[in-house]
Amino acid sequence: VSASIADARRHSQRAHNFSAGPAALPLEVLERVRADLTDYQGRGLSVMEMSHRSAEFIAIAEQAEADLRTLLSIPDDYAVLFLQGGASLMFSMLPMNLSTAEQSLAYALTGHWSVKAVEEAGRLRDVHLVEDNRAAKHADMRDPAGWEVPSDAAYLHLTPNETIAGIAYEDRPATALPIVADLSSVILSQPLDVSRYGVIYAGAQKNIGPAGLTVLIVRRDLMRAVDGLPKQLSLKAHADAGSMLNTPPTFAWYMAGQVFRWLLEQGGLAEMGRRNTAKAAALYAAIDASSLYSAPVAARWRSRTNVPFTLADPALDERFLAEAGAAGLVNLAGHRSVGGMRASIYNAVEQASVDALISFMHAFEARCA
Ligand SMILES: *Cc1c(COP(=O)(O)O)cnc(C)c1O
């Protein structure tokens, strides 16, 4: 009984955090990190204060990679890289490393982040769009099965979960090209067949760990030495150096490893997939049953991870956010480009937080009626 009271007290100091990123981290992970913060396992110093070349840190780094490989069943012919610069640097590095100046690239433009990826790729190469849903304001799109992918492009780039508009798709168009996927907001949210991809990349700050780290999973044969490319921009140079070409973001790498361990303890990605499906189903059901709230994205493309919704009267938005905040529900404002609300319900956001949001939404609707 006393353990559960202590547990409840700890949780009660924590907000229900629906931030899109940097996003909620599991409380168990934060507490373990705190326990080790000033004296990592009797070494007399913190992980932040160790050489990245020390035996202690090498062990931390290798364990993180091994646990990620277990979680995603990553085949041996894929390298795992722990880099910096965010997903955004990859918008430029991937064209530089995976194509020659003569080659064109195929991109699906489905939301804010693929717009950014297309813009950066377009500075370097000819970009062919296999989908462009700007006219639908990124709230609807054509079925990927119908996208026509040119066979002579170097790769096909997808953003299968658009974090801002909340549009997502599981299907992949028919193509023999390597698929390069920005999975920043959905990596580790459910099982994934890595062998379907040439490159998977993700900024850590949504579903992996703190900001400052970018995780890449790259089929090794796609990485080559590129003439004239600065070493820090070369994927092959980073891979050859074990992601230690220069000082890596050691603390973020360590925390990512703690999150991977936590995911394994929770039952792995099949279990996370079950939880995430249940959380999203409950929230969309509440939105659909209400006359105050509505979800703008076409039903078949709804993201299970980032759930945008609007209020019938936008004049109520500010009051909704203020009262939600007072109830301990934070970071619910939609992206400045979209407005309305957005609840990001990553792995670390528990069903209890989603339930608290739904209860609040019901009560708010009743007060406004
Ligand atoms: C957040 C996000 C990004 C940007 O990530 P940075 O690490 O800030 O560069 C890119 N793509 C997607 C899908 C995202 O959710």
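As the structure is a computational prediction, the values presented were derived from the model and not from experiment. Basis for what follows: all heavy atoms, side chains included, without hydrogens, waters or symmetry-related copies. Every number for a ligand or one of its atoms is a count from 1 in the order of the listing.
- Residue pairs meeting the side-chain hydrogen bond (donor to acceptor under 3.5 Å, both in side chains) criterion with at least one member in residues 223-238, sequence neighbours excluded: Lys236-Asp240.
- In this structure Asp143 satisfies the salt bridge (charged side-chain N to carboxylate O under 4.0 Å, His left out) test together with Arg300, sequence neighbours excluded.
- Taking the salt bridge (charged side-chain N to carboxylate O under 4.0 Å, His left out) definition, one finds that Glu365 meets it with nothing, sequence neighbours left out.
- None of Tyr254, Tyr40, Trp253 except one satisfies the ring pair (Phe, Tyr, Trp, His ring centres under 6.0 Å) rule with Phe57; the exception is Trp253.
- Between the side chains of Tyr293 and Asp288, no donor N or O sits under 3.5 Å from an acceptor N or O.
- In this structure, a donor-acceptor pair under 3.5 Å is present between the side chains of Gln266 and Arg275.
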Distance dump, ligand 1 polar atoms to protein, N/O, under 3.5 Å:
{"unit_1": "ligand 1", "atom_1": "7 (O)", "unit_2": "Ala87", "atom_2": "N", "d": "3.1"}
{"unit_1": "ligand 1", "atom_1": "7 (O)", "unit_2": "Gln205", "atom_2": "NE2", "d": "2.9"}
{"unit_1": "ligand 1", "atom_1": "8 (O)", "unit_2": "Gln205", "atom_2": "NE2", "d": "3.3"}
{"unit_1": "ligand 1", "atom_1": "9 (O)", "unit_2": "Ala87", "atom_2": "N", "d": "3.2"}
{"unit_1": "ligand 1", "atom_1": "9 (O)", "unit_2": "Ser88", "atom_2": "N", "d": "2.8"}
{"unit_1": "ligand 1", "atom_1": "9 (O)", "unit_2": "Ser88", "atom_2": "OG", "d": "2.6"}
{"unit_1": "ligand 1", "atom_1": "11 (N)", "unit_2": "Asp182", "atom_2": "OD2", "d": "2.6"}
{"unit_1": "ligand 1", "atom_1": "15 (O)", "unit_2": "Thr163", "atom_2": "OG1", "d": "2.4"}
{"unit_1": "ligand 1", "atom_1": "15 (O)", "unit_2": "Lys206", "atom_2": "NZ", "d": "2.6"}

